[in-house]
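The structure appears right after this line, and notes come after that.
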Amino acid sequence: MIVLGKRQILYVVKKVDFGVYLAEKSAVGLEEPEEKVLLPKKQVPENILMGDELEVFIYRDSMDRLIATVQEVLIEREQTAVLNVADTSRIGAFLDWGLEKDLLLPFKEQTMPVKKGDQCLVALYEDKSHRLCATMKVYPYLHVQSPYGLNDTVKGRVYEISKRFGVFVAVDDQYSALIPAKEAQGNYRVNDILELRVTQVKEDGKLNVSARKKAYVQLEEDAHMVLEKMEAAGGVLFLDDKSDPALIQKSLGISKAAFKRAAGHLKKEGKISLEPGKIVIKKTK
């Protein structure tokens, strides 16, 4: 069976002036194979013979006809890859996937607007009209058996953000991972590349990850960040343990709980004092 969107081994079953027709091995020797696909003349290797095998990729040309190519493509059907945006139009974006005809990324398949020159993580699928298209909604196409374990450090790309579930991440652009909503305290954007820590490997192989490090390391980093913010603000931050969590998140990029831990740590070290409605750097004598 000739499969749209896949690389496969096919065999020369017919020669014509404008190329060669390819089919499965079982069709070699048949006068008129039931299923065959054209490889255009400009891509036909020299001295090709009837019955010779070729590895080709199958897609549709500008006339929506099945066509074969020996060119290297950057993505195959139901795979994920990071592709460059070659152009945009009123129907979506067009991605460079290694072929003369760019790949359509429809507006409805975008999880954020993209523009020419951007990079985006996409999967390749066949739409209802039997055309190959790209989607940024890659969740169903990501692998669930990664080589990573608890507390491993990984790199992941944000591909979708949900207020209910959290931040969806593709580790190494191919493995399924999630920053749960309760852990997603930063300001995340689609296509951000993050360094993350694996906090759970689920039974189905999917990962839960966190942008925060182990508690004692994170506490030191948060405390240092709060102190730097205070110094930049003239020694005072108008935040305390009664401040609105959203205000703390907006001002510092951490949760209220993390802020309280950092402030308590700085107070214990004698670096700040806690006053109603604010924290103040202690002046050294």
Side-chain angles (χ1 to χ4, degrees), residues 1-107 109-110 114-136 138 140-143 172-174:
M1 181 179 179
I2 296 176
V3 183
L4 179 68
K6 291 282 190 180
R7 292 198 73 84
Q8 55 195 118
I9 302 294
L10 296 177
Y11 297 81
V12 177
V13 294
K14 186 176 182 179
K15 288 186 174 184
V16 291
D17 291 341
F18 45 87
V20 297
Y21 281 100
L22 308 173
E24 292 185 288
K25 191 171 186 177
S26 59
V28 175
L30 297 181
E31 187 173 333
E32 194 60 43
E34 184 177 334
E35 189 179 37
K36 61 183 184 296
V37 63
L38 177 69
L39 177 67
K41 183 176 181 179
K42 63 181 179 180
Q43 295 192 43
V44 176
E46 290 186 16
N47 303 318
I48 195 81
L49 300 174
M50 293 289 289
D52 282 357
E53 70 173 44
L54 288 171
E55 183 177 21
V56 293
F57 178 79
I58 308 300
Y59 69 111
R60 291 191 183 276
D61 64 13
S62 56
M63 302 291 288
D64 277 341
R65 298 171 298 193
L66 281 185
I67 197 85
T69 179
V70 294
Q71 291 178 261
E72 288 293 327
V73 292
L74 303 178
I75 188 172
E76 291 188 39
R77 186 170 170 172
E78 298 182 357
Q79 290 183 350
T80 57
V82 178
L83 301 180
N84 293 319
V85 178
D87 209 348
T88 58
S89 76
R90 58 183 179 81
I91 61 172
F94 289 93
L95 310 179
D96 178 5
W97 61 327
L99 300 181
E100 293 176 8
K101 181 186 177 185
D102 290 330
L103 177 65
L104 175 64
L105 170 62
F107 280 124
E109 297 297 333
Q110 298 178 18
V114 299
K115 63 184 186 300
K116 184 176 181 178
D118 284 350
Q119 287 190 324
C120 52
L121 177 67
V122 296
L124 183 65
Y125 73 101
E126 182 180 351
D127 70 7
K128 293 179 181 179
S129 301
H130 304 295
R131 298 185 183 95
L132 293 174
C133 291
T135 178
M136 294 173 70
V138 299
Y141 305 97
L142 294 173
H143 301 302
D172 298 341
D173 292 328
Q174 60 179 313

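Both backbone and side-chain heavy atoms feed into the values below; hydrogens, waters and symmetry mates do not.
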Only one of L104, T88, L83 clears side-chain contact (heavy atoms from CB on, under 4.5 Å) with F94; which? L104

Are [X] and [Y] close enough that some pair of their side-chain heavy atoms sits under 4.5 Å apart?
| X | Y | answer |
| --- | --- | --- |
| Y21 | V37 | no |
| I58 | I67 | no |
| F18 | P40 | no |
| L142 | T80 | yes |
| L22 | K36 | no |
| K101 | D61 | no |
| L99 | Y59 | yes |
| D102 | L95 | no |

Check residues 119-128 and write down every donor-acceptor pair under 3.5 Å in which the side-chain atom is one partner and the other belongs to a residue at least two apart or another chain.
unit_1: Q119; atom_1: NE2; unit_2: N84; atom_2: OD1; d: 3.2
unit_1: E126; atom_1: OE1; unit_2: R77; atom_2: NH1; d: 2.8
unit_1: E126; atom_1: OE1; unit_2: R77; atom_2: NH2; d: 2.8
unit_1: E126; atom_1: OE2; unit_2: H130; atom_2: ND1; d: 2.8
unit_1: D127; atom_1: OD1; unit_2: S129; atom_2: N; d: 2.9
unit_1: D127; atom_1: OD1; unit_2: H130; atom_2: N; d: 3.0
unit_1: D127; atom_1: OD1; unit_2: R131; atom_2: N; d: 2.8

Residue list, side chain to side chain contact (heavy atoms under 4.5 Å, CB included) with E55, at least two apart or on another chain: R7, I9

What are the two closest heavy atoms between [X] and [Y], and how far apart are they?
| X | Y | answer |
| --- | --- | --- |
| P106 | A134 | CD-O, 3.4 Å |
| E100 | K42 | OE2-NZ, 3.1 Å |
| A68 | L39 | O-CD1, 3.5 Å |
| L54 | P45 | CD2-CG, 3.8 Å |
| Y11 | E24 | CD1-C, 4.0 Å |
| Q110 | A93 | NE2-N, 3.6 Å |

In Å and rounded to the nearest 0.5 Å, what is the [atom1] to [atom2] distance from [X] to [Y]?
| X | Y | atom1 | atom2 | value |
| --- | --- | --- | --- | --- |
| I75 | F57 | CD1 | CZ | 9.0 Å |
| D96 | L74 | CG | CG | 6.5 Å |
| I48 | Q43 | CD1 | CD | 12.5 Å |

Worked check of side chain to side chain contact (heavy atoms under 4.5 Å, CB included) between V20 and K14: CA-CA 6 Å; V20 297; K14 186 176 182 179; over 6 Å; no

Looking at E46 and K41, is any side-chain nitrogen of the basic one under 4.0 Å from a carboxylate oxygen of the acidic one?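 No salt bridge links K41 with E46.
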
What I want to find out is whether D64 reaches R60 closely enough, with some N-O distance under 4.0 Å, to be called a salt bridge. no

Is there a side chain to side chain contact (heavy atoms under 4.5 Å, CB included) between K115 and V85? Walk through the geometry before answering. CA-CA 7 Å; K115 63 184 186 300; V85 178; over 6 Å; no

Verify side chain to side chain contact (heavy atoms under 4.5 Å, CB included) between L132 and L4, making sure each step is shown before the conclusion. CA-CA 8 Å; L132 293 174; L4 179 68; 3.8 Å; yes

Working for side chain to side chain contact (heavy atoms under 4.5 Å, CB included), residues E76 and K6: CA-CA 6 Å; E76 291 188 39; K6 291 282 190 180; 3.8 Å; yes

Looking at K116, I want to see if its NZ is surrounded by more than 12 non-hydrogen atoms of other residues, nucleotides or ligands under 6.0 Å. no

With no hydrogens and no angle check, is any side-chain donor or acceptor of E109 less than 3.5 Å from a backbone partner on G92?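 Judged by distance alone, no pair lies under 3.5 Å.
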
